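The chains referred to below are lettered A, B, ... by the order of the sequence lines, with proteins before strands, and numbering in each begins at 1. These numbers were taken from a predicted model, which means no experiment stands behind them.
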Amino acid sequence: MDKNLIIYNTLTRKKEVFEPLNPPFVGIYVCGPTVYSDVHLGNCRTFISFDLIYRYLLHLGYKVRYVRNITDAGHLEGDRDEGEDKFAKKAKLEQLEPMEIVQKYTLSFHEIMSIFNTLPPSIEPTAIGHISEQIEMIKEIIKNGYAYEKDGAVYFDVEKYSKAHPYGQLTNRKLEDLLEGTRDLSGQDEKKGRLDFALWIKSKPETLMKWPSPWGWGFPGWHIECSAMSTKYLGEQFDIHGGGMDLQATHHTNEIAQSQACSNTAPVKYWMHTNMLTVNGTRMSKSAGNGFLPGELFTGNHPLLERGYSPMVIRFFMAQSHYRSTLDFSNEALQGAEKGFYKLMKAGETLNKLTSAHESTVNIKELEENCYKAMNDDFNSPILVSHLFEAVRIINLVNDSKEMINLEDLERLKKLFKVFVFDILGLKDDLAKESSDLTGNLIDLILNLRLDAKKNKDFATSDKIRNHLTDMGVVIKDTKDGFEWEITN
RNA sequence: GGUCAGUUGGCCGAGUGGCUAGGCAGCGGUCUGCAAAACCGUUUACGGCGGUUCGAAUCCGCCACCGACCUCCA
């Protein structure tokens, strides 16, 4: 098997051969959700993308430690160390304790992730659970001279840091450009430099979520949690750090600076960023009113949705685009994906019924190589999907006796289908075919009566039965000397 | 204004300096009592204008449009 995995590294803006720091171990950290409201569908895309990456790394035989955090404290509105705490605001709004907010949305996040059939991460640390680690890291950064305390708050000194290390490398920006863009500091601001960001924020008397620190009561800044937790579980240097593209400029840039300032090493070898989700061409966002929640997408209960789409259809839809491209949601696109997905699932069923011949007229080995080639090229799932439809074509042709397959190839094809469709793409067949024995027996009985009618050329009766059953969601397919049926919806 | 992406056929979406991804939809056909499913065939697209090249949708430049982040505003 070709293990020549290539990953696009945001840091270098190039595709690079993936070489883990300590093979066969791979450490991967993905910025998780801030659990102050229902998980955004864009977040889901990021986590589904990294689920695919995680699954493929596992399939290649790596011993992967996948860390995805839960942000449950310290995330202020506007990401600029000012404004209200997201949890406190929501708590006030819903008349709950901040920790009730955290619990509520953590649970719903896990539920949605499980519905999308994502594997749970190896470790899912929370910011609140790692306050002391964050404090220790801040102390170290102060000791190294890259942070300063001011009236119970601690800020990172970006300008000083940038003299020793490149600061904006993740977005290819120079410090001067960044400085140019910021406005003058207002008089009461405690920051020395315009670009400085908070590592520790002093609490106000009314702040509910606060902890003691060497600088008094307060809470950690948003960026420090990821640096502290990734260091704790993956070490000062680890292989892959991922997240949405919107985190690249600020959050990840500051993460690099913090870790570098603390332990004097670049924390991450490969930075990976997933692209945004759009709806009818524009970015999905709450303010634009074009965002829907995962639940609304499943049920179709949203003005922009003609109807609901199953979680696996959505997962398949996402797999049909590359993680670094924007993906556009529209009813037309989703319905197209739905057709394709069930075609793929049906082929999987057909595959299990195929019989082998003495020789093969199809090339399964080549197909398999193509599948690996696609995934090895920066996890190119759309190309993989296109090859899987080649598999679908082969399956159907063999089923129609238009091609032949020998036992060895058939086993290879079955394995390929299972590995790529279910293990790697993380899909599962969700066709509603659970029916009681009674229902099944009744349908068989009715269809046998219809078969009799057909034999007597009583097509009026046979069509009447078929039409009625079709209306009830039972799809009938006549075969040479009998029938097949399945229940849809 | 700055930085970075992108603009592909009816829709969604890959990709590559020459060998026409794939899915959905459409059309024609095979099969079928008729259907459905499946299969076969079919519609040859790469924002505009220049340039490099034997050859560019693919490389370069300019322009237009769209998006993200920063800024602004909240």
Taking the [atom1] atom in each of [N] and [M], what is the distance between them to the nearest angstrom?
{"N": "C59(B)", "M": "G17(B)", "atom1": "C1'", "answer": "8 Å"}
{"N": "C19(B)", "M": "G28(B)", "atom1": "C1'", "answer": "28 Å"}
{"N": "G26(B)", "M": "U43(B)", "atom1": "C1'", "answer": "8 Å"}
{"N": "G2(B)", "M": "C12(B)", "atom1": "P", "answer": "31 Å"}
{"N": "A37(B)", "M": "A14(B)", "atom1": "P", "answer": "28 Å"}
{"N": "U7(B)", "M": "A45(B)", "atom1": "C1'", "answer": "13 Å"}
{"N": "U8(B)", "M": "A21(B)", "atom1": "C1'", "answer": "12 Å"}
{"N": "G55(B)", "M": "U3(B)", "atom1": "P", "answer": "34 Å"}

Which whole-number value in Å describes the distance from [X] [atom1] to [N] [atom2]?
{"X": "N380(A)", "N": "U16(B)", "atom1": "CG", "atom2": "C1'", "result": "13 Å"}
{"X": "H273(A)", "N": "G67(B)", "atom1": "NE2", "atom2": "C1'", "result": "17 Å"}
{"X": "I383(A)", "N": "G13(B)", "atom1": "CD1", "atom2": "P", "result": "14 Å"}
{"X": "N9(A)", "N": "A5(B)", "atom1": "CG", "atom2": "P", "result": "14 Å"}
{"X": "H252(A)", "N": "C70(B)", "atom1": "NE2", "atom2": "P", "result": "13 Å"}
{"X": "E349(A)", "N": "A38(B)", "atom1": "CD", "atom2": "P", "result": "12 Å"}
{"X": "N275(A)", "N": "G6(B)", "atom1": "CG", "atom2": "C1'", "result": "9 Å"}
{"X": "R324(A)", "N": "C4(B)", "atom1": "CZ", "atom2": "P", "result": "16 Å"}

Practice problem: For the pair D328(A) and T326(A), evaluate side chain to side chain donor-acceptor pair (under 3.5 Å) and give the outcome as yes or no after the intermediate values. | Solution: CA-CA 7 Å; D328(A) 192 60; T326(A) 54; over 6 Å; no
Quiz item: Going by an N to O cut-off under 4.0 Å, is there a salt bridge joining R450(A) and D478(A)?
Solution: yes
Practice problem: Considering only NZ, NE, NH1 and NH2 on the basic side and carboxylate oxygens on the acidic side, decide whether K365(A) and E368(A) come within less than 4.0 Å. | Solution: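 Judged by the 4.0 Å cut-off on N to carboxylate O distance, K365(A) and E368(A) do not form a salt bridge.
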Quiz item: OP1, OP2 of C39(B) versus side-chain N and O of N396(A): anything below 4.0 Å?
Solution: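 Answer is yes, contact under 4.0 Å.
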Practice problem: Quick one: label L327(A) by what it contacts on the DNA or RNA (base, sugar-phosphate, nothing), any heavy atom closer than 4.0 Å. | Solution: sugar-phosphate
Self-check item: Minimum-distance nucleotide to M276(A) side chain [options: A68(B), C4(B), A14(B)]
Solution: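 Closest nucleotide to the M276(A) side chain: A68(B).
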Quiz item: Taking all atoms of both residues into account, what is the closest heavy-atom pair of N4(A) and V17(A), and its distance?
Solution: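 Looks like OD1-CG1, 3.7 Å.
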Practice problem: Report yes if the distance between the aromatic ring centroids of F47(A) and F109(A) is under 6.0 Å, otherwise no. | Solution: yes
Quiz item: In the 5'-to-3' direction, what one-character label does each nucleotide of nucleotides 22-37 of chain B receive under the scheme B = base within less than 4.0 Å of a protein heavy atom, S = sugar-phosphate only, - = no such atom?
Solution: SSSS-------BBBB-
Quiz item: For RNA chain B, what dot-bracket results from Watson-Crick or G-U pairs at under 3.5 Å, with [ ] for crossers and | for inter-strand partners?
Solution: ((((.((..(((.....[...))).(((((.......)))))....(((((..]....))))))).))))....
Practice problem: Using modelled atom types only, decide if a donor and an acceptor are shared between the side chain of R307(A) and the backbone of N331(A) within a distance under 3.5 Å. | Solution: no
Quiz item: Of T326(A) and L247(A), whose closest RNA chain B nucleotide lies nearer the 5' terminus?
Solution: T326(A)
Self-check item: Interatomic spacing from CG in L327(A) to NE2 in H322(A) - rounded to 0.5 Å
Solution: 12.5 Å
Self-check item: Value rounded to 0.5 Å, distance of NE2 in H40(A) from CG in L293(A)
Solution: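 Taking NE2 in H40(A) and CG in L293(A), the distance rounds to 9.0 Å.
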Practice problem: With sequence neighbours left out, write down each residue that passes salt bridge (Lys or Arg N to Asp or Glu O under 4.0 Å) with K269(A), or none if nothing qualifies. | Solution: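 In terms of salt bridge (Lys or Arg N to Asp or Glu O under 4.0 Å), with neighbours along the sequence ignored, K269(A) is linked to no residue.
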Quiz item: Any side-chain heavy atom of F420(A) within less than 4.5 Å of one from M375(A)?
Solution: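 In short, these two side chains touch, coming nearer than 4.5 Å.
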